[in-house]
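Hydrogens, waters and symmetry mates play no part in the numbers below; they use all other heavy atoms, side chains included.
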Amino acid sequence: MPLEAVEARRLYRQVADQLRSLIDSGEYAVGSRLPTERELAEQLKISRPTVREALIALEVEGRVRIRVGSGIYVTEPADAAPTLPAAGIEGPFELLRAREFLESAIAEQAARVATRDDIARIDASLVAMENVEHPGEASMVHDRAFHVAIAGSLGNAVLVRVVGELFDQRLNPYFAQLAHYFESPGTWRTALDEHRAVRDAIARHDPDAAREAMRKHLARSQERFAQNFGAETAAGGSRPARAPAKPDSAPKKQAKERAKSGSARRR
C-alpha cells in the first residue's frame, strides 16, 4: 500500500471539523445556537480569532449562520454545499499576522531607500483610494497598489510578488465572508488615515516611524475584524448542554466522564 503525504491541519480547521462533527451527530440540532466565541475559546483554550476563523469557515460551508447581535445558529445544509480546498486556505488572522511581520520590515527599509518617484507612486494610490467607494472591487485594487508600491521601492521583484500574493488572499472565501461583517465606509476612512501615516513616515525617511505605522495599520485591521459580533450579551451567559472538547482530546475527556459517571452510580 503506497504511503500518502501527511498534511498538518491548521488549528482553525481542527476546530471547524470538531464543531461540524457535533452538528452532524445531533449534539447541536438545526436551529440551535452554538456557544459564544468567548465560551468556545475558553473551553478549547485557544484564541478567539482562531474560533472566529472556524465559525467563518463553517458559515461559508453553509453549516452555521452568524446573526450579529444574536448568536451563531446551526443551519440546514444546502443540497449542494460549496466545495472548497479548505486545507489550503489560510485563516484571515493568520494572513494579517504574516503581513504585519513582513510589511512592517518592508516599510522600514522603504523609508531608507524610497526615491521621489517611489513616493509619487505611493501618493497616486492614496489619491485613488480617496475617490473610490468601499467596500468594493475598485477599493481593493487601489489598496493593493498602495502596499505593492511600498514594496516596489525596495527594487526587489520577489518582495513585490509576495506582498501582492498575500494581499490577494483577501479574495479567498473565508476572508471575504469575515470582511462582509466589518468593512464599511467608516472603516475605509480609518484605514486610509493609517495609510497616510505610513506614507508620511516613508517620505520623511524615518525608518522607525514607518515600521511602527505599518505595524499599527495591520494590527488595527486585525482588531477591526475581531470586533464582537454582538452576541455575548444576547447569550445571557447560558450555555448549551455540551461544548466541544479541545482538538484531539475528546477520547481522554470521554473516559473521564465515564469514570465520573460510574463513581456516581456506585455512590
Side-chain angles (χ1 to χ4, degrees), residues 4 6-94 172-178 180-181 226 228-267:
E4 295 182 359
V6 176
E7 184 174 5
R9 291 186 304 159
R10 292 179 172 85
L11 184 55
Y12 86 93
R13 290 304 315 174
Q14 295 183 48
V15 176
D17 291 345
Q18 187 172 175
L19 288 171
R20 191 189 307 100
S21 294
L22 290 173
I23 292 171
D24 289 342
S25 69
E27 293 289 342
Y28 296 120
V30 171
S32 66
R33 187 173 62 197
L34 294 181
T36 65
E37 286 181 289
R38 176 180 55 78
E39 291 170 331
L40 288 170
E42 289 174 354
Q43 292 166 39
L44 293 165
K45 294 181 171 57
I46 58 177
S47 70
R48 287 181 68 163
T50 299
V51 170
R52 177 158 295 194
E53 288 174 334
L55 293 172
I56 288 294
L58 289 174
E59 185 172 42
V60 170
E61 294 172 12
R63 305 308 304 272
V64 303
R65 176 64 175 141
I66 297 170
R67 298 177 185 169
V68 176
S70 178
I72 301 99
Y73 294 84
V74 179
T75 58
E76 187 74 48
D79 293 335
T83 302
L84 300 169
I89 296 181
E90 288 86 0
F93 292 98
E94 187 177 15
N172 82 44
Y174 298 167
F175 207 126
Q177 185 68 15
L178 182 62
H180 160 75
Y181 288 108
N228 197 329
F229 277 124
E232 302 294 335
T233 303
S238 62
R239 296 171 184 259
R242 173 176 174 173
K246 189 174 181 179
D248 300 326
S249 65
K252 186 183 294 184
K253 181 174 180 180
Q254 290 167 359
K256 287 182 180 178
E257 290 176 347
R258 286 196 297 270
K260 188 182 297 184
S261 176
S263 175
R265 286 196 297 271
R266 286 195 294 273
R267 287 199 296 271

Report task. For side chain to side chain contact (heavy atoms under 4.5 Å, CB included), just list the numbers for Leu55 and Leu34, CA-CA rounded to whole Å, side-chain angles, deciding distance to a tenth of an Å, and then say yes or no. Result -> CA-CA 10 Å; Leu55 293 172; Leu34 294 181; 4.0 Å; yes

Query - side chain to side chain contact (heavy atoms under 4.5 Å, CB included) between Leu11 and Glu53, intermediate numbers included - result: CA-CA 9 Å; Leu11 184 55; Glu53 288 174 334; over 6 Å; no

Query raised in the report: So which heavy atom on Ala16 is nearest to which on Leu58, and how close?
Result: O-CD2, 3.7 Å

Query raised in the report: Which atom pair, heavy atoms only, marks the closest approach of Val60 to Pro173?
Result: CG2-O, 3.7 Å

Spatial distance of atom [atom1] ([X]) from atom [atom2] ([Y]) [nearest 0.5 Å]:
| X | Y | atom1 | atom2 | answer |
| --- | --- | --- | --- | --- |
| Gln14 | Thr50 | CD | OG1 | 10.5 Å |
| Ile46 | Leu40 | CD1 | CG | 8.0 Å |
| Arg48 | Glu39 | CZ | CD | 10.0 Å |
| Gln18 | Arg13 | CD | CZ | 13.0 Å |
| Tyr174 | Ile56 | OH | CD1 | 10.5 Å |
| Leu44 | Leu19 | CG | CG | 7.0 Å |

**Report entry** Sequence-distant partners of Phe93, ring pair (Phe, Tyr, Trp, His ring centres under 6.0 Å), two or more places apart
**Finding:** none

Query raised in the report: For Arg63, which of Val74, Val30, Asp24 qualifies under side-chain contact (heavy atoms from CB on, under 4.5 Å)?
Result: Asp24

For [X], what residues pass the side-chain hydrogen bond (donor to acceptor under 3.5 Å, both in side chains) criterion, not counting sequence neighbours?
| X | answer |
| --- | --- |
| Glu59 | Arg65, Gln177, Tyr181 |
| Thr75 | none |
| Arg20 | Asp17, Glu61 |
| Tyr73 | Ser70 |

Query raised in the report: Would you say the side chain of Tyr12 lies within less than 4.5 Å of the side chain of Ser47, judging by non-hydrogen atoms?
Result: no

